[in-house]
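Contents: one structure, followed by commentary.
Just so you know, ligand 1 is whichever comes first in the structure, and atom 1 is the first atom listed for that ligand.
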Amino acid sequence: MKKFAGALLAAAALAFTSSAWAQSSYPERTVTVVVPFAAGGPTDTVTRLVAESMSKDLGQQIVVENVGGAGGTLGAGRVASADPDGYTLLLHHIGMATSATLYRKLAYDTLNAFDYVGLVTEVPMTIVARKDFEPTDLKGLVEYARANADKVTVANAGIGAASHLCGMLFMSAIQTPLVTVPYKGTGPAMTDLLGSQVDIMCDQTTNTTKQIKGGTIKAYAVTTPQRLDVFPDLPTTDEAGLPGMQVSIWHGLYAPKGTPPEVVEKLSQSLQKALADPNVVARFAELGTVPSPASDATPAALKAKLEGEITRWKPIIEAAGQYAD
Ligand code: MLT
């Protein structure tokens, strides 16, 4: 009996040691971060900047995989069902919260399918249009949209996307439904806006800053309470006649539920370093945003944010009566 107990103890110690060793040596191979939108959009931009910095810190390649479709829920579902080993992560935004209400048949349980690594950034949005669109200011856009509701096309990245949410808030604010045109991300949507194939879009500054500064699209307002340093002459929605239409797009880094806590902690520590990386800080500033503080780049902060945002947006979405299924 003693021999058996000794063998059992040895096996348990070996199992623990190898598991603990594996986790302490994590990552031992390439890590994949899923972006649930097409390449070239704001979520992709934020992820690649953060992933590049985390990769240097962790000493392993971090590749970005774009899994677009259904407003980000396809990509989120991919990660929800991935092995919880720390080698498949998800960088997603406010859509994690809004999709919990918008989709009544999600392939995953939003609050129980993920472990939380931390918040990444909160990005302002801009109401923009194709360069040759007639209205010259937000007041004019509202009047034009109300008079041409069946013609004005609004690009978004699918129900559940930040661009969809902002477009929904805009249409609710002007009490006029417009023609929505979904894309797999606002990267491809921006291509059509630049080509005057679609009229307007509400998108994050991480995707619109270059075009606004370059004059290749028209900008009407920012959706933040205060004007942005990067666009001092661009009015807020409050100033421009749409009071209360404010929304900023927070982003979080997630792992599948059941990922070893030591791995989650190591990822959170690496994320915090990336968000303090001078290159990341500088690039975010050029794109109109700032990294989340280290105190927010934690599992507890992201969990609290997601739970609070699901509660906050549920009644707003229900009042708008927009569901995906
Ligand atoms: C969105 O609109 O939700 C996304 O930001 C689109 C994207 O990142 O491509």
Side-chain angles (χ1 to χ4, degrees), residues 33-51 64-79 89-103 106 110 119-129 153-171 178 180-194 198 200-212 217 222-224 245 247-254 283-284 287-289 305-306 309-310 313 316-317 320 322 324:
V33 182
V34 169
V35 166
F37 297 100
T43 312
D44 189 61
T45 298
V46 164
T47 304
R48 289 178 191 276
L49 285 169
V50 170
V64 172
E65 182 181 356
N66 299 92
V67 181
T73 57
L74 290 186
R78 165 82 70 84
V79 177
L89 307 175
L90 170 71
L91 201 147
H92 197 4
H93 56 40
I94 195 171
M96 277 289 264
T98 58
S99 295
T101 300
L102 286 162
Y103 289 80
L106 269 181
T110 301
L119 283 160
V120 176
T121 184
E122 186 150 351
V123 184
M125 299 198 91
T126 49
I127 300 176
V128 295
T153 51
V154 187
N156 67 38
I159 294 179
S163 45
H164 162 263
L165 177 65
C166 189
M168 184 186 79
L169 294 175
F170 177 70
M171 289 184 270
L178 304 173
T180 55
V181 182
Y183 293 79
K184 286 193 179 295
T186 50
M190 179 60 80
T191 302
D192 274 6
L193 198 69
L194 291 167
V198 68
I200 63 173
M201 175 162 71
C202 185
D203 198 13
Q204 300 172 67
T205 56
T206 34
N207 196 34
T208 60
T209 300
K210 181 180 155 210
Q211 282 74 19
I212 293 171
I217 58 174
V222 293
T223 63
T224 41
M245 196 203 139
V247 61
S248 287
I249 309 306
W250 56 273
H251 295 63
L253 185 62
Y254 302 84
R283 280 296 292 137
F284 274 24
L287 296 171
T289 193
K305 184 74 172 181
L306 179 59
E309 288 282 276
I310 288 173
W313 289 103
I316 297 168
I317 290 166
Q322 282 204 21

Between the protein and ligand 1, which nitrogen or oxygen pairs come in under 3.5 Å, and how far apart is each?
from     : atom 1 : to   : atom 2 : distance (Å)
ligand 1 : 2 (O)  : S163 : N      : 3.1
ligand 1 : 2 (O)  : S163 : OG     : 2.6
ligand 1 : 3 (O)  : H93  : NE2    : 2.6
ligand 1 : 3 (O)  : A162 : N      : 2.5
ligand 1 : 5 (O)  : T43  : OG1    : 3.3
ligand 1 : 5 (O)  : Q204 : NE2    : 2.7
ligand 1 : 8 (O)  : T43  : N      : 3.0
ligand 1 : 8 (O)  : T43  : OG1    : 2.6
ligand 1 : 9 (O)  : T186 : N      : 2.8
ligand 1 : 9 (O)  : T186 : OG1    : 3.4

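- Pairing each heavy atom of T206 with each of T209, the nearest pair is N-OG1, 4.5 Å.
- Annotation for T289 and E122: closest pair OG1-O, 2.9 Å, computed over non-hydrogen atoms.
- Closest heavy-atom contact between T101 and I317: CG2-CG2, 3.8 Å.
- Pairing each heavy atom of M96 with each of A76, the nearest pair is SD-CB, 4.2 Å.
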Show which side-chain atoms of residues 36-48 pair as donor or acceptor with protein atoms under 3.5 Å away, not counting sequence neighbours.
from : atom 1 : to  : atom 2 : distance (Å)
D44  : OD1    : R48 : NE     : 2.9
D44  : OD1    : R48 : NH2    : 3.2
D44  : OD1    : N66 : ND2    : 2.9
D44  : OD2    : G40 : N      : 3.0
D44  : OD2    : R48 : NE     : 2.9
T45  : OG1    : G41 : O      : 2.9
T47  : OG1    : T43 : O      : 2.7
R48  : NH2    : N66 : OD1    : 3.0

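- Across all their heavy atoms, A189 and M201 have their closest contact at CB-SD, 3.7 Å.
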